[in-house]
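Everything below concerns the one structure shown next.
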Amino acid sequence: MKVKFLDLSRQHSGLRKNLERSFSNSIRRSHFILGKDVSLFEREFADFCSAKYAVGVNSGTDALFLSLLSLGIGQGDEVIVPVFTFIATAMAVSHTGARPVFVDINPSNYNIDANKIEGAITPKTKAIIPVHLFGQAADMQPILDIAAKHNLNVIEDACQAHGSKYKFPAGGEKFAGNMGDAGCFSFYPTKNLGACGDGGLVTTNNENVYKKLLMLRDCGRKLRYEHSIIGYNSRLDAIQAAILRKKLKQLNKWNQKRRSIAAIYTKALQGVPELILPAQENYAYHVYNSYTIRANSRNELCEKLGKNGIGTSIYYDIALHLQEAYKNLGYKKGDFLNAEKASRQVFSLPLHPYLLDKEIKFVIKSLTNLFKRGGL
Ligand SMILES: *Cc1c(COP(=O)(O)O)cnc(C)c1O
């Protein structure tokens with residue numbers, strides 16, 4: 001049997017009629033830039049997260065970049081970023097002219113270690129970007145407390161966490177993307193909510209940030225040809241917005257399915273001593289953008305699973321401080337031991353809402369057999 005790591009065509013074959021209808025409606029209306037589908041999607045996604053405002057942009061990277069700009073962050077500033085994430089989190093900071101300052105992760109949930117944030121704060125620090133990695137919210141209460149104490153902005157990277165939630169220690173819960181000054185989402189096709197192309201969005205409850213974002217994404221426009229700031233062209237495509245409106249209706253169901261597959265994996269694999277399974281924190285409603293596990297023999301396991309027809313993926317095998325692109329920041333090997341260890345050990349199993357029961361069983365059987373045979 002072959003089990004692909006991800007099979008987006010299954011998602012689209014189920015929705016095809018529906019998506020084709022949106023697509024042909026868009027063509028018929030021929031209103032391709034901003035317009036009704038973009039503003040309706042913004043309203044619907046803001047409501048989904050219980051946020052006041054949402055602004056569609058052209059990618060998750062730009063959601064981060066424009067959020068930073070909307071808060072006035074730039075040259076001479078520092079922004080705290082977890083060292084174990086997709087490079088876009090840091091890249092967005094660099095493009096504003098500010099400097100990303102890395103902080104190590106909590107080794108059990110892969111999110112920024114809140115206990116290490118204060119050690120990285122300097123007089124130049126302006127913001128913290130917690131990432132809700134793999135679909136699980138970072139521990140937000142301590143992060144928000146530190147930010148309040150030091151007067152820092154919080155920009156959430158929720159690019160892997162559409163529909164994820166955080167439970168506050170004092171009670172109550174909030175959606176990922178609705179806890180800081182801005183929440184950044186990507187609609188890259190592999191995300192929990194993915195477009196048929198690129199797309200992104202920022203949620204916020206701050207009217208000033210909202211108004212600034214509307215201008216930044218659309219050439220600094222105040223009126224049609226009146227430009228009050230030097231902006232960008234970073235609009236969410238109207239056809240993508242129409243498609244995302246259809247897919248948003250499925251998101252809760254898809255996330256529940258992801259969670260139930262994760263529960264099956266966890267139940268079946270918890271007896272394998274060589275594997276460390278994802279920690280499901282009590283404060284988090286985890287939406288499993290990926291089911292990421294770790295093992296010392298990671299490379300060998302991935303290779304053998306591959307030979308059995310099972311696709312795996314590694315998020316991420318190089319921590320950001322060791323990326324060539326960030327050589328100039330002056331970090332070295334050994335600076336962030338938890339992230340470095342994770343980057344040697346993590347790998348992700350196939351998990352998407354259209355994975356079949358027999359495929360889940362096959363993945364479990366193949367993986368557990370590798371250990372039973374004593375081959376590793
Ligand atoms: C996908 C992703 C991004 C960037 O999103 P794009 O839409 O690809 O620009 C940023 N941060 C994280 C954590 C991501 O997973």
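Quick note: residue numbers are just sequence positions, from 1. Just follow the structure's listing: the first ligand is 1, and inside any ligand the first atom is 1. Since the structure is predicted, the reported quantities are computational estimates derived from the model, not experimental observations.
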Quick check: Gly60 and ligand 1, any N/O pair under 3.5 Å apart?
yes

Does NZ belonging to Lys249 count more than 12 external heavy atoms closer than 6.0 Å?
yes

Please tell me whether Phe48 and Phe175 form a close aromatic pair, meaning their ring centres lie under 6.0 Å apart.
yes

Any salt bridge linking Asp47 with Arg43? Criterion: basic side-chain nitrogen under 4.0 Å from a carboxylate oxygen.
yes

Derivation of the ring pair (Phe, Tyr, Trp, His ring centres under 6.0 Å) call for His321 and Phe102:
CA-CA 7 Å; His321 67 300; Phe102 297 132; 7.1 Å; no

So for ligand 1, is Lys191 a polar contact partner (N or O within less than 3.5 Å, distance only)?
yes

Per-atom filter on ligand 1: closer than 4.0 angstrom to a heavy atom of Thr89 are 11 (N)

Going by atom types alone, do Glu78 and Thr122 pair a side-chain donor with an acceptor below 3.5 Å?
yes

Of all protein heavy atoms, the one nearest atom 11 (N) of ligand 1 is Asp157 OD2, 2.8 Å

Looking only at side chains, do Tyr166 and Asp139 share a donor and an acceptor under 3.5 Å apart?
yes

Test of understanding: given a 4.0 Å heavy-atom threshold, classify the contact between Ser59 and ligand 1 as side chain, backbone, both, or neither.
both

What part of Thr61, side chain, backbone, both or neither, has a heavy atom within less than 4.0 angstrom of ligand 1?
both

Any N/O pair Tyr188/ligand 1 closer than 3.5 Å:
no

What part of Thr85 sits under 4.0 Å from ligand 1 if we count only heavy atoms: the side chain, the backbone, both or neither?
side chain

